[in-house]
Amino acid sequence: MDLQSLLEKMERVAKERNAPIFLHKAKLEPYQILIATVLSSRTRDEQTAKAVEKLFSRAKGIEDIAKMKVEEIEELIKSVGFYRVKARRIKEIAEILSRRKFPETFEELTQLPGVGRKTANIVLAYLGKPAIAVDTHVHRISNRIGLVKTKTPEKTEEELRKIFPTELWEKVNYVFVGFGQTVCLPRNPKCSECPIGDVCQKNII
DNA sequence: AAAACGGGGGC
DNA sequence: GCCCCAGTTTT
């Protein structure tokens, strides 16, 4: 099966099942996408959306967040996981970003507190740069369908960069996730409802 | 490589 | 109660 039709099948079933799209569709400024992505870790889409709405309706710019107390931020983003540590990091990020131009490289982004390779790549993609953001879904599914045989997300990213042409990277960033959330679940995948079972290595990861 | 960081929602 | 959650940092 070619890559294009593989992605199309995954995308179609994800759409049919109403996979969350908030982070993919959100029209925000780059610093807001950065913060929204930090908020999103280990947290369902709807819970992230709530926190994002509250935070950015309260703060009109990066400087406002920098000036907030950590406790205020905590109160606004309470719906997400790890909200205490995230509140602290978001304030730090806001303080840093309000004093310099927005970072546009992987190296600059990952120096920010709470920004790892996944978040950095999401932001780069949002800025229109070619990037593959490997989260647990992308890593798991890439292995399950035999695209890669990797132990770490870093290695998966490296391999996927070779496998997919650059123009498909943006699709990889959200199609795998939607598919992983609705069909190819971590522990209990819905294999009987899977459109790409023919290429699956059956639950090897 | 594994543990720690935390809490909420769905069935 | 178990599953699931758009990870990052520290050990």
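Note that the structure is a prediction, hence the values are computed from the model and not measured.
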Do A/Ile96 and A/Ile33 belong to the same hydrophobic cluster, where Ile, Leu, Val, Met, Phe, Trp and Tyr are linked whenever their side-chain heavy atoms lie under 4.5 Å apart, directly or via other members? yes

Within a strict 4.5 Å, meaning less than it, do heavy atoms of the A/Thr119 and A/Leu109 side chains meet? no

Gap between atom OH of A/Tyr31 and atom CD1 of A/Ile62 - 0.5 Å precision: 6.0 Å

What's A/Tyr83 touching, base or sugar-phosphate or nothing? Going by heavy atoms closer than 4.0 Å. sugar-phosphate

Any pair with a residue in residues 93-106 of chain A that passes side-chain hydrogen bond (donor to acceptor under 3.5 Å, both in side chains), sequence neighbours left out, goes on the list, sorted by first then second residue, please. A/Lys91-A/Glu95, A/Thr105-A/Glu108

Using atom P in both nucleotides, what's the gap between B/dC5 and C/dC5 to the nearest angstrom? 22 Å

pair A/Leu3-A/Pro165: side-chain heavy atoms closer than 4.5 Å: yes

What residues form a side-chain hydrogen bond (donor to acceptor under 3.5 Å, both in side chains) with A/Arg89, not counting sequence neighbours? none

Here the distance between atom C1' of B/dC5 and atom CG of A/Leu39, to the nearest Å, is 15 Å

Hydrophobic cluster membership, with links at side-chain heavy-atom distances under 4.5 Å among I/L/V/M/F/W/Y: are A/Leu127 and A/Ile132 in one? no

Near-strand residues of residues 41-59 of chain A, defined as heavy-atom separation under 4.0 angstrom from DNA chain C: A/Ser41, A/Arg42, A/Thr43, A/Arg44, A/Asp45

Give me the distance, rounded to whole Å, that separates C/dA6 from B/dG10 when you measure between the P atoms they each carry. 14 Å

Please list, in numerical order, the residues of residues 102-112 of chain A that have a heavy atom closer than 4.0 Å to any atom of DNA chain B. none

Whole-Å distance, A/Glu74 CD to B/dC5 C1', equals 13 Å

A/Val85: hydrophobic cluster co-members (side-chain, 4.5 Å): A/Phe82

Could you tell me the separation between the NZ atom of A/Lys86 and the C1' atom of B/dG7, rounded to a whole number of Å? 10 Å

5' precedence on DNA chain C between A/Phe22 and A/Pro113 (nearest-nucleotide basis): A/Phe22

List DNA chain B stems (3 or more consecutive Watson-Crick/G-U pairs, under 3.5 Å)? B:1-5 with C:7-11, B:7-11 with C:1-5

Shoot me the first and last contacting nucleotide of DNA chain C against chain A, ordered 5' to 3', at under 4.0 angstrom to non-hydrogen atoms. C/dC3 to C/dT9

Any donor-acceptor N/O pair, A/Asn173 side chain to A/Ala131 backbone, under 3.5 Å: yes

Run the salt-bridge test on A/Lys155 and A/Glu158 with the 4.0 Å N-O cut-off and return the result as yes or no. yes

Residue pairs meeting salt bridge (Lys or Arg N to Asp or Glu O under 4.0 Å), one or both in residues 54-65 of chain A, sequence neighbours left out, come to A/Arg58-A/Glu72

Side-chain contact test, heavy atoms from C-beta onward, threshold under 4.5 Å: evaluate it for A/Val13 versus A/Arg17 and give yes or no. yes

Show every salt bridge (Lys or Arg N to Asp or Glu O under 4.0 Å) that has at least one partner inside residues 167-186 of chain A, sequence neighbours left out. A/Glu11-A/Lys171

Residue pairs involving residues 33-42 of chain A (criterion side-chain hydrogen bond (donor to acceptor under 3.5 Å, both in side chains); sequence neighbours excluded): A/Ser41-A/Lys86

Residue set satisfying side-chain hydrogen bond (donor to acceptor under 3.5 Å, both in side chains) with A/Lys190, at least two apart, ordered chain then number -> none

Which of residues 171-181 of chain A sit near DNA chain C, with a heavy atom under 4.0 Å from it? A/Asn173, A/Tyr174, A/Val177, A/Gly180, A/Gln181

Looking only at non-hydrogen atoms, find the nearest pair between A/Ile93 and A/Pro113 and report the distance. CD1-O, 3.2 Å

Using a heavy-atom cut-off of under 4.0 Å over every strand shown, decide if A/Val115 touches base, sugar-phosphate, or nothing. sugar-phosphate

